[in-house]
Visitor: 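The structure follows.
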Amino acid sequence: MIISVFWGNKAMKSINYNEKTKVFTLRTKNSMYQMQVVEYETLVHLYYGADIGDTEASHRIVCLDRGFSGNPYEAGADRTFSLDVLPQEYSGYGNGDYRINGIEVGHEDGSDAVHLRYESYRTSKGKYSLEGLPCMFGTEDEAETLDITLYDRITDLKVHLLYGVFYDLDVITRAVRLENKGEDTVTIQRAMSMEMDYTNKHMDLIHFYGRHTMERLTERLPLHHGVQSVESKRGMSSHQHNPFVILCDKMTSEKHGDCFGFALAYSGNYRCEIEVDQMEQTRLVMGIHPYHFSFRLNTGDVFETPEVIMAYSDCGLGKLSRIYHDAYRSNLIRSKYVTSPRPILVNNWEATYFDFDEEKLFNIAKAAKDIGLDMFVLDDGWFGKRNTDDSGLGDDDNSGLGDWVVNEEKIKGGLPKLVKKINGIGMKFGIWIEPEMVSEDSGLYREHPDWVLKIPQRSLMRSRHQLNLDITRKEVRDHVMKQIFRVLDSCKVDYVKWDMNRSVGNVYSAALPSERQGEVYHRYVLGVYEMMEQLVSRYPDLLFENCCGGGGRFDAGMLYYSPQIWCSDNTDAIDRLKIQYGTSFGYPISTMGAHVSVCPNHQTGRTTPFETRAVVASAGTFGYELDLEHLSSEEKEMARKQISEYKEMEHLVQTGDYYRLSDPYRNHDYVVWQFVSKDKKETVVNGVQLRNEANPHIHLIYLEGLEPEAHYEDEKTGYVYTGAALMKAGIPLPVGVGDYQPIQFKFRMS
Ligand code: GLA
C-alpha cells in the first residue's frame, strides 16, 4: 500500500497518518516507525528500523489460529485474531494477552482488566512536555508530537500515547498520559512508559550493571525465551543497573549492524522487561517499576509516566551512542554549560575528607590557582557537626546532614569570608550538598523526627548512618531548600554538587493515607525533581553537578537538571577505563565527572603515572581531587601542561563525535578512544597502554570519522597522512614503554 508523504513540507515530514489504511508512520533522518489501527480498534505495532520508503509494513502481521491464545468476544467465529500474539503498541492486562503488558489498573469492584482501543489522534508542532518530569525539549522546527488516544470502554480511562519525533536528531521519545474520565476512582498498578514489539528478531541485550565504585560495566547476552529484566528497586536509578539498554542483532558490532537504544529519563525505581514469547516475538516494556507502586486517580485526575528516549542505528553501536550524545547535548541538558567551557576544578574530598580548616582549604585553592585551575570545590564536612572522628580513627559521618549551616569551628569566620578570599585570588568557588538526607544527630531530626521515611512500628534501616527525608512532603522540601538558598545567597557560589549517599529505604510517608503508600517512591522522585528545578531556576548561571555516591543516579533524568554527573567514586585510572567505556554507550562524554587523584589510589591502591590519570580524566569533565600542596614542582609543571592540553581539546569533548576504538573487555593490551570535531578538521586519540610485553607486538590502531581524502598532520611528529591512511592503514602504538602508559595523538587537517 502506498501513502503519500509530503516531503516538501517540513512540518509534516516526520509524522504521517494514512486515513485509508489507518497506518501511522513516524520518520526520522535514518529510522522509521509504523503502527496501524486494525480490527476492533486495536492499535498494532508494525515496524521500527531503517527507512523502508513508502511501504506500509502491514504485511508483517500474519494471523493464525493459535492454540491457547484466546479471541475477543467480538471476533465471533474468527479464531485467528488474538491479542496474545499480535504485536501491540500498548497493551493492558486481563484481555487474553498473557505476555508482559504496559498497563494494569485496579478498579473499585476488585477487577484489574483494561482493554485499550483506539479513539483518535492529534499532531502538533514542537515537543510535548511532562508535568514535573524531565524530558527532551524541542521547538516547532526540531520536533513534532503525536498524541494517540486509546480508551477503556468500561471505565472511560483515557490513555494518551505520546510520541516526540526529532527528525534531525534521529530520536523518538515516548511517554504515556493517563486521564481518568470515568466516575470511579481507578488505581494504576503498572503504567509503563512504552512497549515495543519486534516480530521474529533474534537479538542480544546489552546492559550496564555494577556496584558502588564500579558502575556501568558492560554485559551482552542473548535474549532467551521467557522474561529478562533490568531494574532498580532502590528508589534511585542505581549503581547496580543503569536505565539504559540496547537491543541489537547478533552480528552487530561497533561499526556495523542494527541496534535499538532505550533510555529512561527517570531517576527512581524502574524496570525494563524483555520477553521472548512462544512465537519468537520480542516485547520490551520500560517504565516505573511496578514494585511498591500504585497511584490513585480520582475522576479528572491525570498521571504522566516518565519518558523513554529511543534511537535506532543500522551502522552499529558507535553510531547509536553518537545519536544519544548529540540528542542529549542539544535537546535534553538545559544548562548553559552544556557546550561552553566549564571551570576546571579541584575538589577537596580525597585531599582532606573531613579533616580541614579554612587555612587548609585556602592553601589548596592557592595551589590550584598556581597550576592554572579555575575553581575550588568544598566537598562534604563544612556544615553542622561533621568532624574528623575524635578517636582519630576516621571521619564522623554520623551527624550534621539536615543542618545546612556552616561549621564555624572548622571554617572560622564562616563561608562568606573564605569564599571572598578564594575569589580574591581569582578562583571560583563551589560547594557540596546532600539535601535529601538527614542524620539522627542533627537539629533537623531532633526537631522533626517525623520528617523521615519510616514504616510504622518497624525499626529504621540506616545506611551510612543516615536517613531519607520524606521529601514527598512540600514542607520538608521547602525547609531544606530554604536553608540551602540561605547559604548560596550568602556568598558567591558558582557550582553545586548535589549528592545522595544511600538507597531509599523505610518506604512509608506519615503524610499519606494507607491507600496512597504505593505512591511514595514516585512522589519521592518528583520531590527531587521539584527541588532541583527550584535550584536551577533560581541560579541559572550555576554549574550544577549531580552525584549519588558517584554514579548511582547517572541517568537521562538527572541530565535535564545538570550537565554533568560525578561518574564514580572510583578515581583509579585503570578501573575508570571500563566505567567510562560503559557510560559512553548511553551518555555524552562531557557529562562524566572525571578527576585526577593521588596514587596509590584510595580505592584500589594502584599506582599509575600522573600523565595516564590526566588522559583518562580528560575523557570527561576534567578536574583534580588531591592535595595539590603536596605536588612536587615537577608534578606541578606536568599539571599545568595537562590543564592547558585539556583546555585545547575541551570543545571536542563537549561538541565532537566520540569513537570507541577498542573494547576493554576483549583487549587487555590497550584501551583507546577518539574525538573528532564535527567539521572533521581535528581529532584527538587518547588511551592507555595496559601492559607491556618483552619483544612486543606492534599494535596498529585504526581511526574513524575522518575525511578519507583530506590530509592530517600529526602534531607531535609533523608526519602527514591521508584520512584514509589513518582509518585503513592505521598507526602503530608506541612500543616498549611500560605498563599503564598514556596514549596521546593529535591530528589536524593540513
Ligand atoms: C559521595 C560522593 C563523593 C564525596 C562523598 C562525600 O560518596 O560521591 O564524591 O562527595 O560522598 O561524603
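Ligands are counted one by one from 1 in listed order, and the atoms in each one are counted from 1 as well. Below, all heavy atoms of this structure are taken into account, side chains as well, without hydrogens, waters or symmetry copies. Numbering starts at 1 and runs along the sequence shown.
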Visitor: Does at least one non-hydrogen atom of His212 fall below 4.0 angstrom from an atom of ligand 1?
Guide: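 For ligand 1, residue contact (heavy atoms, under 4.0 Å) with His212 is absent.
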Visitor: Nearest 0.5 angstrom please: Leu345 CG to Phe429 CZ, how far?
Guide: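 One finds 12.0 Å between CG of Leu345 and CZ of Phe429.
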Visitor: Is it the case that the ring center of Tyr266 lies less than 6.0 angstrom away from the ring center of His289?
Guide: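 That pair fails the under 6.0 Å test.
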Visitor: Is the centre of the Phe585 ring less than 6.0 Å from the centre of the Phe208 ring?
Guide: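 Between Phe585 and Phe208, the centre distance is under 6.0 Å.
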Visitor: Would you mind telling me if ligand 1 is within reach of the side chain of Arg464, the backbone, both or neither, using heavy atoms under 4.0 Å?
Guide: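 Under 4.0 Å from ligand 1, Arg464 contributes side-chain atoms alone.
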Visitor: Hey, which atoms in ligand 1 end up nearer than 4.0 Å to a heavy atom of Gly550?
Guide: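 Atoms satisfying the 4.0 Å criterion: 8 (O).
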Visitor: Quick one: look up the protein heavy atom nearest atom 12 (O) of ligand 1 and list residue, atom name and how far away it is.
Guide: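 Residue, atom and distance for the closest contact: Asp380 OD2, 2.6 Å.
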Visitor: Do Asn501 and ligand 1 have an N or O pair less than 3.5 Å apart?
Guide: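 Yes, Asn501 has an N/O under 3.5 Å of an N/O on ligand 1.
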Visitor: Please list the nearest protein heavy atom to atom 5 (C) of ligand 1 with its residue and the distance rounded to 0.1 Å.
Guide: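 Residue, atom and distance for the closest contact: Trp349 CE2, 3.6 Å.
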Visitor: Can the positive tip of Arg576 be found less than 6.0 Å from the middle of the six-membered ring of Trp673, inside 45° of the ring normal?
Guide: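 Checked: cation-pi criterion not met.
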Visitor: For ligand 1, does Glu434 get within less than 4.0 Å through its side chain, its backbone, both, or neither, judged by non-hydrogen atoms?
Guide: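 Answer for Glu434: neither.
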Visitor: Considering non-hydrogen atoms of the protein only, which is the closest contact for atom 8 (O) of ligand 1, and what is the distance?
Guide: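 Answer for atom 8 (O) of ligand 1: Asp569 OD1, 2.4 Å.
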Visitor: For Tyr561, is the NZ or CZ atom of Arg334 found under 6.0 angstrom from the centre of its six-membered ring and inside 45 degrees of the ring axis?
Guide: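 Output yes; distance and angle both within limits.
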Visitor: Should the pair Lys454 and Tyr508 be classed as cation-pi, given the thresholds of under 6.0 Å to the six-membered ring centre and 45° from the axis?
Guide: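 Lys454 over Tyr508 ring: no.
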Visitor: Measure from NZ or CZ of Arg613 to the centre of the six-membered ring of Tyr740, then state whether that distance is under 6.0 Å and the direction lies within 45° of the axis.
Guide: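 Pair Arg613/Tyr740 does not count as cation-pi.
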Visitor: Determine whether more than 12 heavy atoms belonging to other residues, nucleotides or ligands lie under 6.0 Å from atom CZ of Arg462.
Guide: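 Atom CZ in Arg462 is not crowded, with 12 or fewer foreign heavy atoms closer than 6.0 Å.
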Visitor: Using a strict cut-off of 4.0 Å, indicate which atoms of ligand 1 neighbour a heavy atom of Gly549.
Guide: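 Near Gly549, meaning under 4.0 Å from one of its heavy atoms, ligand 1 has 1 (C), 7 (O), 8 (O).
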Visitor: Which residue owns the protein heavy atom closest to atom 9 (O) of ligand 1, what's the atom, and how far is it?
Guide: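 Ranking protein heavy atoms by distance from atom 9 (O) of ligand 1, first comes Lys497 NZ, 2.7 Å.
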Visitor: In the protein, what heavy atom is nearest to atom 2 (C) of ligand 1, and what distance, to one decimal place, separates them?
Guide: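 Among all protein heavy atoms, the one nearest atom 2 (C) of ligand 1 is Asp499 OD2, 3.0 Å.
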Visitor: What is the nearest protein non-hydrogen atom to atom 4 (C) of ligand 1, stated with its residue, atom name and distance?
Guide: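 Atom 4 (C) of ligand 1 sits closest to the protein heavy atom Asp379 OD1, 3.4 Å.
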Visitor: Is the His292-Tyr521 ring centre distance short of 6.0 angstrom?
Guide: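 For His292 and Tyr521, the ring centres are under 6.0 Å apart.
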Visitor: Test your reading of the structure: does Cys547 have an N or O sitting under 3.5 Å from an N or O of ligand 1?
Guide: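 No, since none of the N or O atoms of Cys547 sits under 3.5 Å from an N or O of ligand 1.
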Visitor: Using a 4.0 Å cutoff against the non-hydrogen atoms of Trp566, which atoms of ligand 1 qualify?
Guide: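 Within the 4.0 Å cut-off of Trp566, ligand 1 contributes 8 (O), 9 (O).
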